[in-house]
A.B. asks: 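Take a look at the following structure, please.
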Amino acid sequence: MFGFFRKLKKIVVGVILCAVGYGLYKLLNTAKTQESLFDILGEDNYLNILDKVRLVGDLLGWPVEFIRALLP
Amino acid sequence: MNPKYEPLFTPFKIGEVEIPNRIVQCSMGGTTLFGWLEPSHFDKEAANFLLQRAKDGVGLVLPGMQVIRDTMGRKWLDSNRQMYRVLKPYMDEYHKTGSKLFIQLAGGFGRSMAVTPWMAALARSDLLNKLASPIVDVQYACASASATPNRWADNLNSRPFTIEEIQEMVWHFGATAKKLREAGVDGVEIHAVHEGYNLDQFAIANMNFRTDQYGGSLENRLRFATEIVQEIHRQAGSDFPVSLRYSVRSCTKGWRKGAMPYEEFEEFGRDMAESEKAVRILQDAGYAFLNCDNGTYDAWYWAHPPQYMPDNCNLADVEHIRQFIDIPVACAGRMDPVKAAEEIAAGRLDAVAIARQNLVDENWVTKIRTGHEEDIRPCIRCHNGCFNFSKANGTANMQSLGDSLHLGRCALNPPTMQQERYKIVPTKKPKKVAIIGGGVGGMECALVLKKRGHTPVIFEKEDQLGGLFLTASAMTFKENDRELIEWYKREIAKAGIEIHFNTEVNDLGTLRRGFDEIIVCTGSVPRTMPQIKGFEKTRSFRELLREKKVEGDKIVFLGGGQSSCEAAYDLVLAGKHPVIVEYGDDLVAAQATCLANTSFLRDAMEYHNVPVFLHSTITEIGDGYCIIKTPTEAIRCECDAVINGIGFVPAPVGEKGAHVHRVGDCVAIGNLRTVIWRAWDICMRI
């Protein structure tokens, strides 16, 4: 019983984290957020970070496409 | 339309498929409809780009090469059914433009696989390769006709394909072509008995030592290619047109050694005599179109000609080979559309194949058709955005991971293949923006700001626009670069942008009252090494190339980077005798400079017997001499001048601060791509 609730808790936490991550990603993609970050971080830091974030996003896209390709 | 272009806009047929005009967009890596490197899927960015090309009026569009078996994940291209379901409505939309689309299907890279250090490590170890093979099988990706040395990584040989692997691949070509036809694609192009790719490695005797039915005679060496077209016709129908990407000659002297365009040499790859026979075999097998140029990965500057190669560099060879076959033929390689139109009108050529210009200006075909050719932004063949695979002595492919994932972009036109990242959004708060510096960075900023609705004003210290690029474009072979400057000047004039010439701004405070934002685009200045005795006697590139103030025959370049090598080549063409002294392992050993460009410069220096001192430096500069220190000796070199080629340092004006931005080399030394993309990054956010 306890084992089941422990697993369920992990799944719920995982889903919440994914939802938060997705929400942050959507927020980051809005013009208003990008403008604010640009002002807060300064243009050099902002552009450097954005490049890295995009690269990570590209790499994360690979396993997504890999799994999609397996679907019927 | 100017009548000289009219022959380009006549239709022709490939098999039974009518192509509306003679303009063919060649495949370019990265513009792949089903993804580049990652597991195949319908790529919306590429799909939008290709549709836009069709709307511009390109008659036949070839998306980027599609390897028949995914490099990552290893699935065959015909296995992703969902991808073809999405393709069908796209093809319906595509066909409304009137253009045709052939998908280029590739038999792989073989020894030309541009392996990075981690890929080379996997390929060298059977155990590591096996462990990684569910995701990526580098040994398979590099497999070739025979065990031949990789073009990029040292001490790495391809393994030979087995007969079963070849026949399995042939079958999948057929299966994929069938699915593509069902989805509405107009034809396929087989990649490639061309450029030293895998099928070309089978075709070339010095790369194929097989003793089975795929090696030996010319017919056997072409068997892989002929079986592919026959299998496609068997599965997809004998009337489904199949084109072949084809190199007439290899222009290759040996492993990793190309031939200069004016050089007499013994051909290591395919020579004209063999090509004359090969094209007949390929036509008889069923190929309906040959999309031609020259070269191999060892002679990369023929297939991807940089600025140093002549215009229409492959035309004579392609027109020669056309005489031996009945099927239509296209020519690629620095093709001038006017020249192409003349040759088509004369019946010597059927179509012109153009690649990079389609990245630089998305409306170039429309501009020709409407008589606005002076508005076309010219391609300068830099390869900085589209194709910057790089290599130096002792390195594998040095391309950055970000660039490996995204080929087919453009240094001069950021929105190409990056439409979500770079787009003009009109501003809601128009501002007056001072731009200090009228070089490429300053001009690009001004144009972007104007399009967004701001009011840019340029302050330029000289009497003309162009900045450092005026020196960089001064060499005789840089006519496209000079065209680019003229294009910028015309665009700035058309946009009505205010310019203050002969106005040097050293104090940003003088501008703060009249302007809401300031962008500093003041570029760079030459680096100095005062610890070298007599360094003050060195001359600059500006004095050499632009002001023509450096006289004499024997000019020594301290530093073997791109600027030095290009300037040295310019001197060679003028009959002079340059010398290059470089501290590192190789000439132009910079990441982000394409091997097609760098290998030309290295091969040219060797061909013209330019003395190159690697691992060396200059320790003293006197009047009429310098002392070159090599690893083993110090040499007194009599010379007429020493050029400072050790690089540049940023030269910004004023301090950073609120409403003060920096663009270009005054931030960090880069190239046109870093300058122009940064200009957009900043100006899209003002």
Side-chain angles (χ1 to χ4, degrees), chain A residues 3-72, chain B residues 34-43 45 70-83 85-86 134-136 400-406 418 420-421 423 425 427-429 517 519-520 652 656-663 667-668 674 677-686:
Chain A
F4 169 75
F5 278 119
R6 237 184 255 140
K7 275 188 194 154
L8 184 63
K9 189 171 147 189
K10 279 184 189 167
I11 292 170
V12 167
V13 167
V15 167
I16 290 171
L17 279 174
C18 284
V20 168
Y22 184 71
L24 270 173
Y25 164 74
K26 284 301 239 186
L27 187 65
L28 271 171
N29 265 328
T30 60
K32 207 163 165 59
T33 310
Q34 291 195 5
E35 265 175 48
S36 306
L37 284 173
F38 190 71
D39 291 334
I40 294 166
L41 296 172
E43 59 199 33
D44 292 341
N45 288 334
Y46 171 77
L47 291 172
N48 285 336
I49 290 169
L50 196 60
D51 260 346
K52 307 266 184 306
V53 166
R54 283 197 176 110
L55 183 60
V56 169
D58 288 337
L59 289 172
L60 287 176
W62 278 12
V64 171
E65 294 303 338
F66 189 73
I67 292 165
R68 269 200 199 148
L70 294 173
L71 297 173
Chain B
F34 303 140
W36 172 251
L37 289 187
E38 67 266 55
S40 51
H41 63 284
F42 189 78
D43 188 312
E45 180 84 62
D70 291 345
T71 307
M72 302 294 289
R74 309 188 65 220
K75 294 187 73 64
W76 293 101
L77 200 55
D78 55 277
S79 66
N80 186 342
R81 281 177 281 178
Q82 203 256 352
M83 189 172 80
R85 280 199 290 272
V86 178
I135 310 293
V136 59
S400 73
L401 181 57
D403 285 342
S404 295
L405 298 177
H406 293 288
Q418 303 187 96
E420 283 307 309
R421 179 174 168 176
K423 50 191 171 189
V425 176
T427 181
K428 290 178 186 154
K429 291 186 221 166
E517 307 280 341
I519 306 180
V520 177
K656 286 185 191 181
H659 307 291
V660 175
H661 315 273
R662 291 179 178 177
V663 164
V667 179
T674 55
W677 291 19
R678 170 102 177 180
W680 277 69
D681 282 328
I682 299 297
C683 294
M684 284 191 318
R685 288 170 174 83
I686 285 180

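Everything numeric in this text was worked out from a predicted model, so none of it was measured. Per chain, numbering begins at 1; letters A, B, ... match sequence-line order.
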A.B. asks: Closest heavy-atom contact between B:K656 and A:D44?
C.D. replies: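 For B:K656 versus A:D44, the nearest heavy atoms are NZ-OD2, 2.9 Å.
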A.B. asks: Using the test side chain to side chain contact (heavy atoms under 4.5 Å, CB included), find all partners of A:L50 that sit at least two apart in sequence or belong to another chain.
C.D. replies: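 A:L50 satisfies side chain to side chain contact (heavy atoms under 4.5 Å, CB included) with A:Y46, A:R54, B:R685 only.
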A.B. asks: Quick one: are B:H406 and A:L55 in side-chain contact, heavy atoms under 4.5 Å?
C.D. replies: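 B:H406 vs A:L55: side chains apart.
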A.B. asks: Of all the heavy-atom pairs spanning A:E43 and B:H661, show the shortest one and how long it is.
C.D. replies: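 Here A:E43 and B:H661 meet closest at OE1-ND1, 2.6 Å.
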